[in-house]
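All residue numbers in this chain count up from 1 along the given sequence.
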Amino acid sequence: MDRIEIEKLKIYAYHGVFDEEREQGQYFYISAKLFLDLRRASMSDDLTETVSYDLVAHTIQKVVTQEKWNLIEAVAESVASELLLTYPGIQSVEIRVDKPDAPVGLSFETVSVTIQRGRHRAYLGIGSNLGDREGYLNRAVEQLKKDPFIRVLNNADYIETEPYGPVEQPKFLNGAVEVETLYTPRELLQVLQDIEKEAGRKRILHWGPRTLDLDILLYDDEVIREDDLMIPHVEMAKRDFVLEPLCTIAPYAIHPLYRKTVQDLLDDLKKQSEKHS
């Protein structure tokens, strides 16, 4: 991807673990690589089609000087987050923070930290079969919209489905949500679990009834297999109540393991159902 680079922006600030660093201050040098599509700007010669490096530089200065952090890691993280939140056209950033006057006590040129952060596309499954089912789902979507690190791109219409599993329980309302997020998969999982908890979700019975169920179905093309985090969702290819709403908003999203689109997975599932009927 195209990029804009700012090299060693010199900023006097007050970051460090030691008191004298936070009281006397020192110079920090911030370098930023901004990854974005510059095709339209290069063809039109129009500033509004790109990101102003002047504005970006002043945004970096504001972030670096408005607070005091112990670690330059925190400085870099704050700069990356602010740039991604402020400038929607930037798809990802690489931020380097140099601290040439760090209190090391040895001869050295600089110490630095470099991080890379960016936007991610995720698809969520949402469901409820207790109480005000539609109300729970709508409130969950609204909570996602209020999170500055999440942008809701699309929300499927809800469908009513039979419960899955051996437990007798009411019918579900199910849907799917497409989001863009700055969160890592595990951070996003925690956000979803917090929303579930606020809705009164209690994890007592596997496949049991619940006020709210939020699952990460897909996250970019990542494959994660951990005890409490499975991406893609392990059972999504077998569940029509997951694939049907997802197919209405993302029919061409690709399952990274099966290498099939959501539409293909739904068609395969329907064919299997017809064979067994």
Side-chain angles (χ1 to χ4, degrees), residues 120-181 183-219 224-251 253 255 262-263 265-266 268-270 272-273 276-277:
H120 305 277
R121 186 67 54 92
Y123 296 95
L124 313 176
I126 62 176
S128 172
N129 74 333
L130 287 179
D132 181 5
R133 301 176 301 171
E134 185 172 354
Y136 281 123
L137 298 185
N138 288 339
R139 283 192 291 275
V141 174
E142 287 305 310
Q143 285 178 280
L144 291 171
K145 289 180 178 179
K146 291 178 181 178
D147 191 310
F149 276 42
I150 296 174
R151 186 161 69 100
V152 174
L153 303 176
N154 214 337
N155 184 19
D157 292 336
Y158 305 137
I159 61 172
E160 189 171 60
T161 63
E162 295 293 332
Y164 186 85
V167 180
E168 186 174 345
Q169 56 186 301
K171 291 183 179 181
F172 272 83
L173 270 189
N174 287 104
V177 182
E178 179 184 10
V179 302
E180 181 184 84
T181 183
Y183 287 124
T184 66
R186 184 158 293 282
E187 290 169 342
L188 181 59
L189 175 66
Q190 184 61 59
V191 170
L192 300 184
Q193 290 179 343
D194 289 344
I195 295 175
E196 288 178 338
K197 185 177 180 180
E198 188 173 324
R201 167 73 184 272
K202 296 180 180 179
R203 299 176 181 275
I204 299 173
L205 185 63
H206 186 52
W207 285 335
R210 69 291 305 267
T211 54
L212 184 62
D213 189 24
L214 302 176
D215 293 309
I216 304 174
L217 304 176
L218 300 170
Y219 182 101
I224 301 173
R225 289 293 180 261
E226 299 175 4
D227 290 343
D228 59 342
L229 180 60
M230 299 281 196
I231 301 176
H233 193 282
V234 176
E235 298 290 330
M236 66 173 287
K238 302 176 183 178
R239 298 180 177 179
D240 56 357
F241 63 84
V242 170
L243 294 175
E244 284 186 13
L246 182 58
C247 195
T248 66
I249 61 173
H255 193 291
V262 171
Q263 181 68 67
L265 293 175
L266 181 58
D268 290 346
L269 192 60
K270 288 180 178 180
Q272 294 176 17
S273 178
H276 293 103
S277 61

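- When all heavy atoms of Ala176 and Asn155 are compared, the closest pair comes out as O-OD1, 3.3 Å.
- A heavy-atom distance below 4.5 Å is found between the side chains of Val141 and Val177.
- Taken to the nearest 0.5 Å, the CG atom of Asn174 stands 11.5 Å off from the CG atom of Leu246.
- Across all non-hydrogen atoms, the minimal contact from Pro245 to Ala156 is O-CB, 3.3 Å.
- Side-chain atoms of Thr181 never come within 3.5 Å of backbone atoms of Ile150 as a donor-acceptor pair (strictly under, hydrogens ignored).
- Using a 4.5 Å cut-off on side-chain heavy atoms (C-beta onward), Val262 and His255 make no contact.
- Side-chain contact check for Leu214 versus Gln193: every heavy-atom pair is 4.5 Å or farther apart.
- Atom CG of residue Leu173 and atom CD1 of residue Ile126 lie 9.5 Å apart, to the nearest 0.5 angstrom.
- Between the side chain of Ser128 and the main chain of Thr211, a donor-acceptor pair closer than 3.5 Å is present.
- A donor-acceptor contact under 3.5 angstrom links the side chains of Gln190 and Asp194, judged on distance only.
- With rounding to the nearest 0.5 Å, the separation of CG in Leu144 from CD in Glu142 is 9.0 Å.
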I'd like to know whether Glu178 forms a side chain to side chain contact (heavy atoms under 4.5 Å, CB included) with Val152, so could you lay out the CA-CA distance, the side-chain angles of the two residues, the decisive distance to 0.1 Å, and finally the verdict.
CA-CA 6 Å; Glu178 179 184 10; Val152 174; over 6 Å; no
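- Remark: Ile216 CD1 to His233 NE2 distance equals 10.0 Å, nearest 0.5 Å.
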Before giving the answer on side chain to side chain contact (heavy atoms under 4.5 Å, CB included), spell out for Leu192 and Tyr183 the whole-Å C-alpha distance, their side-chain angles and the decisive distance to 0.1 Å.
CA-CA 11 Å; Leu192 300 184; Tyr183 287 124; over 6 Å; no
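- Distance check: Leu188 CG to Phe149 CZ gives 12.5 Å after rounding to the nearest 0.5 Å.
- A heavy-atom distance below 4.5 Å is not found between the side chains of Leu124 and Tyr219.
- Residue Glu134 qualifies as open at atom CD: its count of foreign heavy atoms under 6.0 Å is 12 or below.
- With hydrogens and angles disregarded, a donor-acceptor distance shorter than 3.5 Å links the side chain of Arg225 to the backbone of Ile231.
- Within the 4.5 Å cutoff, no side-chain heavy atoms of Arg133 are placed close to those of Phe172.
- Of all non-hydrogen atoms in Ala237 and Leu269, the two that sit nearest each other are O-CD1, 3.9 Å.
- For the residue pair Asn129 and Tyr136, no side-chain donor N or O sits within less than 3.5 Å of a side-chain acceptor on the partner.
- Between Arg186 and Asp228 a salt bridge is recorded (basic side-chain N to carboxylate O distance below 4.0 Å).
- Atom CE of Met230 and atom CG of Asp215 lie 12.5 Å apart (nearest 0.5 Å).
- Put simply, the side chain of Glu196 does not reach to within 4.5 Å of the side chain of Glu198, judged on heavy atoms.
- Counting only heavy atoms from C-beta outward, the side chains of Glu180 and His120 never approach each other to under 4.5 Å.
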